[in-house]
2 protein chains.
Amino acid sequence: MARSAVQNEQMRDERRQAILSSAVRLFATRGLAATKVADIASAVGMAQGLLYHYFRSKEEIFVEIVRQAFDRMNTAARELERLPLTPRQKIERAATTLLRTLEEHEDFAWISVLISTASISDAVPAEATAIIRRERDVPYRVVARLARAGQRDGAFEGGRPDDLALVFWTTVKGLALHRLALGAAYKSPDPRILTRMFFPETRA
Amino acid sequence: MARSAVQNEQMRDERRQAILSSAVRLFATRGLAATKVADIASAVGMAQGLLYHYFRSKEEIFVEIVRQAFDRMNTAARELERLPLTPRQKIERAATTLLRTLEEHEDFAWISVLISTASISDAVPAEATAIIRRERDVPYRVVARLARAGQRDGAFEGGRPDDLALVFWTTVKGLALHRLALGAAYKSPDPRILTRMFFPETRA
DNA sequence: GTCTATATCCAGATAGAC
DNA sequence: GTCTATCTGGATATAGAC
């Protein structure tokens with residue numbers, strides 16, 4: 001029956017997402033190699049062997065996490081760019097949203113750290129490395145374009161747009177690391193500390 | 001003979017340092033679990049079994065790296081604090097030195113990333129975790145004290161000293177990640193982008 | 001779909017010759 | 001001190017019953 005086939009497909013997808021969601025925090029806190037398939041299975045509440053009905057291997061899970069993370073991040077970055085706001089407003093919104101998300105959703109920090117470490121690891125599936133190389137520049141370029149546009153408008157201070165984008169994103173990544181080190185005790189700093197890089201006249 | 005005993009001790013130390021030095025970059029790029037003892041041994045040019053004459057286990061190597069890293073970093077931070085400079089000069093020197101070291105010495109980035117990831121990992125030797133918990137706040141507190149002193153002098157802008165210290169160090173950590181992702185192509189941004197968080201009037 | 005049991009492989013650590 | 005050979009444990013992935 002077509003009906004139950006569709007339902008089955010949906011249930012399968014949900015189960016796969018549950019596995020991915022459990023795997024993210026394990027991969028982020030232990031790394032790919034130190035995370036046992038048995039750990040993931042037990043975190044999601046299934047037998048170790050069953051996991052192989054949903055994914056072909058531990059590495060496939062890892063690749064799928066990386067793929068989805070870039071899908072979401074880069075979509076969000078492109079949508080921000082298209083909003084009817086001034087460059088300055090877009091930068092401020094990005095900083096505010098990112099720091100709030102970081103504080104409220106630990107998942108965001110896990111994924112950020114997972115990608116950060118995967119970016120420099122050579123013990124990661126080749127397909128993950130390929131996705132990272134292909135996608136990682138998108139958010140940097142968006143912020144750099146905003147910085148350039150803001151400087152043309154005279155709204156921003158100097159500094160090379162690429163430098164500003166670099167420091168902007170590396171600070172976010174660094175805060176994600178810190179957020180995981182501190183756990184629930186973490187509080188994001190005032191976003192103006194970040195935007196002040198772009199607008200030195202900003203008062204705190 | 002006492003003479004050759006001393007020499008032997010020294011040679012042993014040098015050999016141990018060579019092992020640590022090779023292990024750092026492997027641990028940083030692959031993580032503890034994915035780094036094989038055979039990899040370390042071959043990087044330093046010795047047989048796998050011989051490595052156990054210098055260290056009792058792979059984990060002991062890891063702990064020793066963490067211990068030495070904090071020794072150096074925290075010593076440097078405390079020495080900076082004691083220099084006969086104004087708070088502002090100390091912040092500027094720290095930013096300049098860190099960004100230059102990051103660019104010139106890849107080792108510094110390796111160690112930074114190793115510590116960052118170890119800080120949030122629960123797949124790391126308990127002794128390493130203990131050292132990290134005990135030592136990690138030192139550099140943050142030094143910068144926070146400098147920020148507080150600068151604000152008293154009226155040299156710095158507002159912002160909570162703890163926030164400033166947090167963003168300062170997380171940016172450095174974030175840049176270390178970036179430096180490894182980019183390899184030799186990496187160029188540190190202008191240090192004024194960093195110090196501008198403390199002194200908003202700084203022009204680029 | 002789900003489980004238990006197991007084949008297979010691989011890496012850490014040790015033993016023992018030189 | 002240095003090597004080669006090996007023991008041993010543990011983790012991935014598969015097989016096969018339910």
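Worth saying up front: this structure is predicted, and the values here are computed from it rather than measured. Sequence lines set the chain letters: A, B, ... in the order given, protein chains first and strands last, and positions in each chain run from 1.
- Taking five base pairs at each end of the helix from C:dG1-D:dC18 to C:dC18-D:dG1, the local helix axes there meet at an angle of 10°, rounded to 10°.
- Partners of A:Phe168 by ring-ring contact (aromatic ring centres under 6.0 Å, His included), not counting sequence neighbours, listed by chain and number: A:Phe198.
- Identified under the ring pair (Phe, Tyr, Trp, His ring centres under 6.0 Å) test for residues 18-76 of chain B, with sequence neighbours left out: B:Phe27-B:Phe62.
- We find that B:Arg145 and B:Glu81 are joined by a salt bridge, their nearest charged nitrogen and carboxylate oxygen being less than 4.0 Å apart.
- Note on residues 85-119 of chain B: no pairs pass ring pair (Phe, Tyr, Trp, His ring centres under 6.0 Å), not counting sequence neighbours.
- Every residue two or more places apart in sequence or in another chain that forms a side chain to side chain contact (heavy atoms under 4.5 Å, CB included) with B:Glu79 is listed here: B:Thr75, B:Arg82.
- The side chain to side chain contact (heavy atoms under 4.5 Å, CB included) check on B:Ser42 picks up nothing, with sequence neighbours excluded.
- Rounded to an integer number of Å, the gap from B:Gln48 CD to C:dT14 C1' is 10 Å.
- Of the residues in residues 51-63 of chain A, those with a non-hydrogen atom less than 4.0 angstrom from any atom of DNA chain C are A:His53, A:Tyr54.
- At a threshold of 4.5 Å between non-hydrogen side-chain atoms, the residues B:Met73 and B:Pro139 count as touching.
- B:Thr97 meets the side-chain hydrogen bond (donor to acceptor under 3.5 Å, both in side chains) test with no other residue; sequence neighbours excluded.
- Side-chain contact, A:Gln68 with A:Arg72: a donor N or O sits under 3.5 Å from an acceptor N or O.
- Relative to the six-membered ring of A:Phe199, A:Arg88 meets both conditions, a distance below 6.0 Å and an angle of at most 45° to the axis.
- Within a heavy-atom distance below 4.0 Å of DNA chain D, the residues of residues 34-47 of chain B found are B:Met46, B:Ala47.
- At a non-hydrogen distance threshold of 4.0 Å, nothing from residues 18-28 of chain A comes into contact with DNA chain C.
- In this structure, B:Leu50 atom CG and C:dA13 atom P are separated by 15 Å, rounded to whole Å.
- Considering B:Thr171, B:Leu182, B:Leu175 in turn, B:Leu175 is the only one that fulfils the side chain to side chain contact (heavy atoms under 4.5 Å, CB included) rule with A:Leu166.
- Scored by the side-chain hydrogen bond (donor to acceptor under 3.5 Å, both in side chains) test, A:Glu59 finds no partners at all (sequence neighbours excluded).
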Identify all side-chain donor-acceptor contacts of residues 113-122 of chain B below 3.5 Å with residues at least two apart in sequence or on another chain.
from     : atom 1 : to       : atom 2 : distance (Å)
B:Ser116 : OG     : B:Ser112 : O      : 2.9
B:Thr117 : OG1    : B:Val113 : O      : 2.9
B:Thr117 : OG1    : B:Leu114 : O      : 3.1
B:Ser119 : OG     : B:Ile115 : O      : 2.7
B:Ser121 : OG     : A:Thr29  : O      : 3.0
B:Ser121 : OG     : B:Ala123 : N      : 2.9
B:Asp122 : OD1    : A:Arg30  : NE     : 3.3

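- For C:dT2, one of the phosphate oxygens OP1 or OP2 lies less than 4.0 angstrom from a side-chain nitrogen or oxygen of A:Arg15.
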